[in-house]
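Notes follow the structure.
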Amino acid sequence: MAELKETPLTQLHRELGAKMTGFAGYDMPLQFALGVMKEHQHTRAKAGLFDVSHMGQVIVRHASGYGGAAQALESLVPVDLMSLGEKRQRYGFFTNAEGGILDDLMLTNRGDHLFVVVNAACKDADIAHMKAGLPDCDVVEVTDRALLALQGPAAVEALAPIAGGCEIMKFLDTGIFTSDFGELWISRSGYTGEDGYEISVSADQAEAFARALLAHDAVEPIGLGARDSLRLEAGLCLYGQDIDTSTTPVEAGLTWAIQKSRRAEGKREAGFPGADVILDQISNGVPRCRVGLRPEGRAPMRQGTALFGSEDAETPIGQVTSGAFGPTIEAPMSMGYVAASHTAPDTQLFGEVRGKRMAVKVASMPFTPANFKR
């Protein structure tokens with residue numbers, strides 16, 4: 001087994017008593033002293049600090065500036081980057097020729113270039129994909145910076161004394177701030193459904209910066225366990241589980257991330273991998289869709305659980321891709337893919353758990369309302 005990589009915060013995690021686990025090739029904190037349940041609740045009530053330094057940070061430059069980089073990258077993503085305002089961020093994904101999702105990512109207009117954040121497990125493939133697909137661009141991985149996520153309603157109270165001005169940012173605004181910890185690249189975003197920030201900081205300042213945030217009464221360190229239950233309550237996909245190369249953005253319910261200009265009859269219609277498949281699905285529908293699921297009873301239905309349309313049906317109509325107990329909703333929750341004929345809210349389904357058919361209903365997502373700063 002390959003040796004796990006460490007982030008600039010690994011030693012701090014161990015000092016704080018984290019239970020560590022391997023994730024996407026990195027030694028990461030699964031949970032801290034509070035435990036997953038209380039870490040989840042603390043983030044919803046106050047603020048949680050997450051180490052997301054394992055994710056990839058990439059800068060894409062073109063000789064003609066942002067417009068050239070945006071135009072080039074639009075050949076790889078079904079996202080309108082040309083109209084993305086300066087210091088604004090947008091969610092998107094790389095697609096393959098079959099319309100499947102290679103990775104989901106965050107894209108930022110930094111004035112004269114694009115800043116891209118990609119998933120850890122896909123990082124190397126994404127960078128190779130961009131270098132091969134953007135021959136006129138300079139694609140450079142940022143390797144000397146850590147990435148932290150500060151999430152929760154008290155996040156602004158903890159960060160504003162360090163990065164004055166961050167308090168006036170709206171959801172998906174970005175900016176570069178000077179601080180006692182060097183230059184901070186901040187976006188008002190995250191992946192928990194809460195208000196909060198993602199902050200890129202120089203690796204040699206990351207631990208001091210994290211300690212300064214943790215010194216605030218409202219901030220606790222949070223591990224991967226709570227990050228997963230928070231994003232699931234927020235109805236957000238985990239790449240590799242809820243979306244992958246075999247799922248299209250339309251099946252995954254991510255059509256909202258494909259702007260009008262890239263759709264049929266748009267100003268820059270198609271022009272991205274799998275456009276024929278994806279645009280046809282937008283027009284004509286899909287055979288299966290991602291849905292939220294609320295199991296009846298207290299036991300979560302987890303990844304891989306087969307779903308049936310009736311208690312005695314022989315053929316499954318879908319499968320669970322993520323499942324956990326939701327500390328905020330105080331109930332089990334899942335998401336998965338089911339046949340398009342079974343996607344209406346409150347549709348009664350049955351999941352097969354240890355040989356028994358358990359009742360579950362299709363539910364609207366998110367399970368917990370988003371708390372973004374609009």
Side-chain angles (χ1 to χ4, degrees), residues 1-33 36 39 48-60 93-94 101-108 115-132 139-151 181-187 189-192 197-214 220-231 236-245:
M1 180 182 293
E3 188 173 346
L4 294 173
K5 299 176 187 175
E6 296 187 350
T7 78
L9 297 180
T10 299
Q11 294 306 315
L12 177 60
H13 298 325
R14 291 177 179 149
E15 178 186 320
L16 295 173
K19 180 180 180 181
M20 305 295 284
T21 187
F23 181 79
Y26 286 80
D27 195 18
M28 299 296 291
L30 177 63
Q31 65 179 69
F32 291 86
V36 174
E39 288 176 23
L49 182 64
F50 303 78
D51 181 8
V52 289
S53 303
H54 56 313
M55 300 181 77
Q57 303 180 62
V58 185
I59 286 176
V60 179
F93 23 76
F94 292 128
I101 300 171
L102 293 171
D103 193 14
D104 61 339
L105 50 148
M106 298 302 294
L107 303 137
T108 298
F115 178 58
V116 186
V117 177
V118 302
N119 281 304
C122 304
K123 180 165 50 178
D124 293 344
D126 287 345
I127 293 170
H129 184 57
M130 284 188 276
K131 286 184 174 179
V139 178
V140 178
E141 180 183 5
V142 179
T143 57
D144 60 352
R145 300 184 73 83
L147 190 65
L148 284 69
L150 183 65
Q151 301 283 290
F181 308 98
E183 193 174 80
L184 302 177
W185 303 350
I186 298 177
S187 64
S189 63
Y191 216 62
T192 61
Y197 302 87
E198 289 196 349
I199 310 121
S200 174
V201 56
S202 175
D204 61 5
Q205 292 286 334
E207 184 175 323
F209 176 59
R211 288 183 187 276
L213 291 172
L214 291 168
E220 290 286 347
I222 309 295
L224 290 174
R227 184 170 174 81
D228 191 56
S229 57
L230 286 159
R231 70 91 193 163
L236 300 170
C237 295
L238 178 64
Y239 191 81
Q241 280 189 207
D242 308 301
I243 50 175
D244 58 28
T245 56

* Structure fact -> The side chain to side chain donor-acceptor pair (under 3.5 Å) partners of Q151 (sequence neighbours excluded) come to T192

* To do: Run the numbers on T7 and M28 for side chain to side chain contact (heavy atoms under 4.5 Å, CB included), then give the verdict.
  => CA-CA 8 Å; T7 78; M28 299 296 291; 3.8 Å; yes

* Structure fact -> Residues passing the side chain to side chain donor-acceptor pair (under 3.5 Å) test with R231, sequence neighbours excluded, are D228, D242, S322

Identify each donor-acceptor pair in which a side-chain atom of residues 12-24 lies under 3.5 Å from a protein atom, sequence neighbours left out, and give them as a table.
from: H13; atom 1: NE2; to: D51; atom 2: OD2; distance (Å): 2.8
from: R14; atom 1: NH1; to: E6; atom 2: OE2; distance (Å): 3.2
from: R14; atom 1: NH2; to: E6; atom 2: OE2; distance (Å): 3.4
from: R14; atom 1: NH2; to: D27; atom 2: OD2; distance (Å): 2.6
from: E15; atom 1: OE1; to: R211; atom 2: NH2; distance (Å): 2.7
from: E15; atom 1: OE2; to: R211; atom 2: NH1; distance (Å): 3.1
from: E15; atom 1: OE2; to: R211; atom 2: NH2; distance (Å): 3.3

* Asked: Where do A146 and Q57 come nearest, in terms of heavy atoms and distance?
  -> O-NE2, 3.6 Å

* Who pairs with E183 by side chain to side chain donor-acceptor pair (under 3.5 Å), at least two apart in sequence or on another chain? -> W185

* To do: Name all residues meeting the ring-ring contact (aromatic ring centres under 6.0 Å, His included) criterion together with F94; count only those two or more places apart in sequence or in a different chain, and write none if there are none.
  => H129

* Structure fact -> Sequence neighbours excluded, the answer for ring-ring contact (aromatic ring centres under 6.0 Å, His included) partners of Y197 is none

* Asked: Which heavy atom of G225 sits nearest a heavy atom of V36, and at what distance?
  -> C-CG1, 3.7 Å

* Heavy-atom closest pair, residues F209 and L184 -> CE1-CD1, 4.0 Å

* **N119 (side chain) donor-acceptor with D103 (main chain) under 3.5 angstrom** => no

* Begin from the C-alpha positions of L150 and L213 and carry the test side chain to side chain contact (heavy atoms under 4.5 Å, CB included) through to its verdict. => CA-CA 9 Å; L150 183 65; L213 291 172; 4.0 Å; yes

* Asked: How long is the gap from CD1 on I199 to OG on S189, to the nearest 0.5 Å?
  -> 9.0 Å

* Asked: Considering only heavy atoms from C-beta outward, does the side chain of L9 approach that of L148 to under 4.5 Å?
  -> yes

* Looking only at non-hydrogen atoms, find the nearest pair between D104 and Y239 and report the distance. => OD1-CB, 3.7 Å

* Tell me, please, which residues at least two apart from E141 pass side chain to side chain donor-acceptor pair (under 3.5 Å). => none

* Asked: Residues two or more places apart in sequence or in another chain: which of them pass ring-ring contact (aromatic ring centres under 6.0 Å, His included) with Y26?
  -> none

* To do: Would you give the length of the straight line joining atom OG of S200 to atom CZ of F115, rounded to the nearest 0.5 angstrom?
  => 5.0 Å

* How long is the gap from CD on E207 to OG1 on T10, to the nearest 0.5 Å? -> 10.0 Å

* **Non-hydrogen side-chain atoms of V117 and L147 separated by less than 4.5 Å** => yes

* Mind listing the closest non-hydrogen atom pair of A212 and F181 along with its distance? => CB-CZ, 3.5 Å

* Pairwise side-chain contact, L102 with T245, heavy-atom cut-off 4.5 Å (strictly under) -> yes

* Asked: Closest heavy-atom contact between A120 and H54?
  -> CB-O, 3.1 Å

* Is there a donor-acceptor contact under 3.5 Å from the side chain of Y191 to the main chain of C237? -> yes

